[in-house]
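No hydrogens, no waters, no symmetry mates; every other heavy atom, side chains included, goes into these values. Treat the numbers as computed from the prediction; the structure is a model and nothing was measured. In what follows, chains carry the letters A, B, and so on, assigned in the order in which the sequence lines appear, proteins first and then strands, with residues in each chain numbered from 1.
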Amino acid sequence: MSAPDLSTRTRYEPSEVEPQTAQRWLDSGVFEPGAREPGAGPDDHYSIAIPPPNVTGVLHMGHALNGSIQDSLIRLNRMRGKRTKWILGTDHAGIATQTQVEKKLAREGRSRKELGREAFVVETQAWRKEYGGKIVEQFKRVGASCDYGDERFTMDEGYVTAVQKVFVDCFEQGLIYRDHYMVNWDPGSGSAISDLEVEEKEGVEDTLFSIAYPFADGDGEIVVATVRPETMFGDVAVAVNPSDERYASAIGRKVILPLSGGKEIPVIADDHVKVDFGSGALKITPGHDPNDFEIGRRHSLPAPSAIGEDGRLTALCGDFAGQTADEARTTVTDALRASGALRAEDPYVHTVPFSQRSGARIEPLISLQWFMNMEPLAGPAIDAVQDGRVRIHPPVQSRRYVEWLSEIRPWCVSRQLWWGHQLPVWYRGGDGDPQKTEAPETYVGIEPPQGEGWVRDEDVLDTWFSSALWPFATLGWPEQTQDLADFYPTNVLSTARDILFLWVARMVMLGLKFAGDVPFKDVYVHSVIQAPDGRRMSKSLGTGIDPIDVIEGGPRPPVFKQGGDFPAYGSDAVRFGLLAISTTQDVRFSEDKVQQGQQLSNKLFNATRFVLLQLEELGLGEIEAAPAPRTDADRWILSRLERVARATEQALDGFEFARAALGLYDFVYGELCDWYVELAKPRLRGGDPDVQRDLAATLLFAIDRTLRVAHPVIPFVTEELWSHLPGERDLLAQSTWPEADPSAIDEQAEAGIAALIEAVTAVRGWRERVGVKPSAVLPARLREPLGAELEASLQSLARVDLAAGSGDAVATVTTAGVVVDLLPDENIDLDAADRRLQARRDEIAGEIKRLEGKLSNAKFVERAPANVVQVERDKLAVLQEQLAAL
RNA sequence: GGGCCUAUAGCUCAGUUGGUUAGAGUGCUCGCUUGACAUGCGAGAGGUCACAAGUUCGAGUCUUGUUAGGCCCACCA
């Protein structure tokens, strides 16, 4: 028996239920795919590979949203009878993790260098064991039905094999190569980083220095502008635009590089130079500027390094060698000023690249790194999206994907870190450091090379290299495992848009290349959740919201106007709230929507409680849930149940999660509870045992179906209530999804109940407006009979008595299908009724006038489609009838 | 510099090929010991659909432009 006792509890308390329910799921093994049934084909399997959270991570709002999305899909498909696997694991997150561990060491007065590589990796492994499991525990807490029995890590043994095989194969096919190339050097982490890890910051204030380079023949000078004077020792040319007449005669001449002992460099012509910027002359420093690097290559110029990987000026810089770049900026400009070469210093605001990882300003420099040529992989990856083998939702994201792949550039895959997949590369021979200069012999292979004197490359791979293999490496690749056969390709990948290129595109490229198929059929790019005030969620801004705080009742962050703690909303409420806001690309976190989810849970709890207590009282406690309709109301709810089941699965299959969540809410409140349960009450007390038994079975059936349909969105409360329903029941999580049953649709019953609802609402409205006491039962008469059932319902819900009273109507309530005359009664204020009548007449008359105007417009009648015109005519007729009835 | 998304009730958002008097939740106002639920029930007020022009019998919806907010990409020293 579960925690709450339904006979005494009137409120649903998620905190009393959720932890135990999560544990029941885990103990039952329902999340694990279990044994493969003979004959099961690809359509019988359903899998999602979770975007592996960083081992450094704790659950944030993005995880909570994405977890809710993926879990609703997994649970739906599990209930549909699919063999499901939600592939779980964590990512070693190279730079992020290494940075955290280094910070921890620093707090302890230790350092990475002091420990040495081996000890540092051991330290990091220990750190991962301590913190890496936290996020997985949090996934369990929110009900994520991952396959916890098969948790992977991007550096576990099998995964390492997969990564090395891919690297070696790519090398052997010429896709991976080593080259001197311009990289984004991150002085903060002391490593190269990829283009995608660079963040351009706008509005950085710098100084633009104008420096005069005299011509070597002594005749005049040329002025160049730069924000990086300290790199001038790496200058190899001055470039001007070939069409720039001012410099036409300068092209081909030499200028003297100041402060460099008379070194001469040529003036060259290149289209890249803008005539109208600065002086129109550009100094070319191929070693420290990506554009200059390209220009240098075009003109076969050397690319000397003026700044080294240590951030200090190199021997090339003469007296300035050894200074840091910052120091040198001052000393070099001082020297230029002293020599008279500095012509101007102007404040200058521009965009500057920074490292997303360390926050340090990027130092572009040339270095010997490993690269992967992505071009041969990009074409097939574009095709896969364009021919629909991979569908990206929403479609606008697939345009971004295709555009990015069309202009793909080589990927720098080596990182100067210790935490990660060390390159399967060895060097032998030569005098220099094999990390910095090419060695005579290079060996690439999974097994270390034979023989003496080999030194392994110290670098590790970019984290995203291993992530790119995630959907198949987790399933046992390169072994041809049964899991790989069953669950690859996965069905859906749900992810944030900021890693569409970083991760998604690369998975498609490498999946096609190595696993022989696309890694997933659908990519859902989910919303990004902003703080309630529209700012980005961030800890440092105070706008971050911890989902666990919302679930368990932690403190509200400062971004909320209201202070204090959150109520312990529970996982269901948070899941519902997140799905309910999950619409466009940027959405704001809404505590109201979470609250709506909490209310939905409570409503379901009480509706179930009501039904079960009633059945108990009637001695029907063990009755079986089954449709046994006797009335329009019964047929109506069965029809509506069928529609909500179809609508919910359509919404989930179509990645319209807000529609699914809010549709459930509307059904439970607006149909099941407000109307069906209310309509059932009088009949339940009615006395005929046969009627009661059938009604009980149908009510129970309605609850049963509702719990099934709501389960993917709010699994905890539905599982809990399910356990209270009579009969032997497995876990709801492993029960079945309602199959389509078109025979349950009953248009006639739907129309009848819709008319009843409209009439009840109208009578209630009239009563309020004319001030009738809520408790008063008013005598009334129908113009046209509605049948015994609907008339009885109208009497109880609108508080009228159709058998009482006599005489002429004192007021009339009209709706499209029903006209109710209210008869004289002491509870009716005749003046108020009169005023209301007049107001109602004016309303209808105004509307009639509007319609008549529209229908007398010849253009409308002529050009609008006949059915549209007919609709307007019918409307007019109905209104005229209503006016006449008043 | 190029591109994308968003703008509808006080707030958060629906509104699917153009076609009732533009909806919901929440907040607000009024009322209710309605035998499941006050995390409840009933009713009500509240919108020139950002702005401007255009297409159309008809525009929240389509076109163009403008404004504001957000995001992505990009090599002007």
Side-chain angles (χ1 to χ4, degrees), chain A residues 6 9-12 200 208-209 224-228 239 272-274 276-285 289-295 348 350-351 364 394 396-397 399-400 403-404 407 497-498 500-501 528 530 532 534-536 567 573 580-581 583-593 595-596 598-614 656 658-659 662 665-666 669-670 673-674 677-678 681 685 761 764-769 771 773-775 796-797 799 843 846-847 850-851 854 857-865 867-869 871-872 874-875:
Chain A
L6 289 188
R9 270 269 174 233
T10 59
R11 283 161 43 159
Y12 175 64
E200 302 284 335
L208 187 63
F209 299 95
V224 296
T226 180
V227 291
R228 307 282 320 270
H272 172 261
V273 183
K274 300 275 186 289
D276 53 0
F277 188 91
S279 64
L282 172 64
K283 73 189 201 61
I284 302 300
T285 321
D289 184 283
N291 301 316
D292 292 5
F293 182 77
E294 294 299 330
I295 295 171
Y348 184 61
H350 63 148
T351 50
V396 61
Q397 299 297 340
R399 278 214 302 281
R400 288 182 61 215
E403 277 166 25
W404 183 76
E407 292 169 27
R497 68 170 177 274
D498 57 346
L500 188 64
F501 309 144
V528 171
Q530 302 171 328
R535 285 186 294 168
R536 202 173 197 129
I581 60 171
T583 51
T584 51
Q585 71 169 20
D586 293 306
V587 298
R588 296 179 181 200
F589 179 81
S590 161
E591 187 174 348
D592 282 349
K593 283 285 192 287
Q595 207 160 22
Q596 205 180 331
Q598 180 196 30
Q599 285 168 338
L600 174 61
S601 296
N602 190 58
K603 197 72 176 171
L604 271 177
F605 177 86
N606 273 295
T608 305
R609 171 173 178 259
F610 169 74
V611 169
L612 294 181
L613 293 181
Q614 290 294 308
E656 294 184 292
R659 193 180 291 277
L662 296 171
Y665 181 93
D666 288 342
Y669 267 74
C673 293
D674 287 355
V677 172
E678 293 305 321
K681 278 177 182 174
R685 296 187 211 113
T761 306
R764 283 171 175 171
W766 179 85
R767 293 175 58 119
E768 291 266 349
R769 284 168 195 269
K773 276 195 302 191
S775 56
S796 70
L797 295 174
R799 299 218 149 199
E843 244 176 82
E847 186 55 20
R850 198 188 64 83
L851 280 174
K854 195 169 185 180
N857 179 348
K859 285 184 174 175
F860 172 70
V861 179
E862 278 166 30
R863 302 199 193 178
N867 61 325
V868 172
V869 177
V871 166
E872 300 294 308
D874 292 349
K875 240 184 297 176

**Study point:** Spacing of Ile284(A) atom CD1 relative to C76(B) atom P, expressed in whole Å
**Key:** 14 Å

Review point. Base, sugar-phosphate, or nothing for Thr761(A), non-hydrogen atoms under 4.0 angstrom?
Key: sugar-phosphate

Check your understanding: Within 45° of the six-membered ring axis of Phe610(A) and under 6.0 Å from that ring's centre, is NZ or CZ of Lys681(A) located there?
Key -> yes

Review point. When the C1' atoms of A14(B) and A74(B) are considered, how many whole Å apart are they?
Key: 37 Å

Practice item. With heavy atoms under 4.0 Å as the rule, sort Tyr665(A) into base, sugar-phosphate or nothing. Key: sugar-phosphate

Review point. Counting just side-chain N and O atoms, does Arg769(A) come under 4.0 Å of either OP1 or OP2 of G44(B)?
Key: yes

Review point. If you look at every strand shown and take non-hydrogen atoms under 4.0 Å, does Arg11(A) touch a base, only sugar-phosphate, or nothing?
Key: base

Review point. Using a cut-off of less than 4.0 Å, is there contact between a side-chain N or O of Gln614(A) and OP1 or OP2 of A36(B)?
Key: yes

**Study point:** hbond_proxy Lys681(A) side chain to A36(B) base (donor-acceptor, 3.5 Å cutoff)
**Key:** yes

Review point. What does Pro290(A) touch in the nucleic acid at a heavy-atom separation under 4.0 angstrom: a base, only the sugar-phosphate, or nothing?
Key: nothing

Review point. Does the G31(B) base have a donor-acceptor partner in the side chain of Glu768(A) within less than 3.5 Å?
Key: no

Point to revise | Rounded distance in Å between the P positions of U26(B) and A43(B) | key: 13 Å

Review point. Would one find a side-chain N or O of Lys603(A) under 4.0 angstrom from OP1 or OP2 of C41(B)?
Key: yes

Review point. Any luck finding a side-chain donor-acceptor pair between Lys603(A) and Ser601(A) under 3.5 Å?
Key: no

Study note, to complete from the structure: Assert: residue with more 5' nearest nucleotide on RNA chain B, out of Gln596(A) and Glu678(A), is Gln596(A)

Check your understanding: When you measure from the side chain of Asp674(A), which nucleotide among C41(B), C71(B), U12(B) comes out closest?
Key -> C41(B)

Practice item. Could you tell me whether Glu872(A) and Lys875(A) have a side-chain N and a carboxylate O separated by less than 4.0 Å? Key: yes

Point to revise | Pairwise P distance, A22(B) and U34(B) [rounded to whole Å] | key: 35 Å

Review point. Distance check: side-chain N/O of Gln397(A) vs OP1/OP2 of C72(B), anything under 4.0 Å?
Key: no

Check your understanding: Does Arg588(A) make a side-chain donor-acceptor contact with the base of U12(B), cut-off 3.5 Å?
Key -> no

Check your understanding: Does the side chain of Gln530(A) reach to within under 4.5 Å of the side chain of Val587(A), using non-hydrogen atoms?
Key -> no

**Study point:** A24(B) versus C4(B) - spacing of their C1' atoms, nearest Å
**Key:** 29 Å

Review point. Between U20(B), C41(B), C75(B), which one does the side chain of Lys875(A) approach most closely?
Key: U20(B)

Practice item. Indicate whether OP1 or OP2 belonging to A36(B) is found under 4.0 Å from a side-chain N or O atom of Arg9(A). Key: no

Review point. Hey, are the side chains of Gln599(A) and Tyr665(A) touching, using non-hydrogen atoms and a 4.5 Å cut-off?
Key: yes

Check your understanding: With a 4.0 Å cut-off on heavy atoms, is Arg399(A) in touch with a base, just the backbone sugar-phosphate, or nothing at all?
Key -> sugar-phosphate

Exercise for review: With RNA chain B as reference, determine whether Glu872(A) or Asp498(A) sits nearer its 5' end, using the nearest nucleotide of each.
Suggested key: Glu872(A)

Review point. Considering only heavy atoms and no angle criterion, is a donor-acceptor pair shorter than 3.5 Å present between the side chain of His350(A) and the base of C76(B)?
Key: no

Review point. Which is true for Asp292(A) with a 4.0 Å heavy-atom rule: it touches a base, it touches only sugar-phosphate, or it touches nothing?
Key: nothing

Practice item. Look at all strands and tell whether Pro865(A) reaches a base, only sugar-phosphate, or nothing, counting heavy atoms closer than 4.0 Å. Key: base

Review point. Using a cut-off of 4.0 Å on non-hydrogen atoms, how would the nucleic acid contact of Ser775(A) be classed: base, sugar-phosphate, or nothing?
Key: nothing

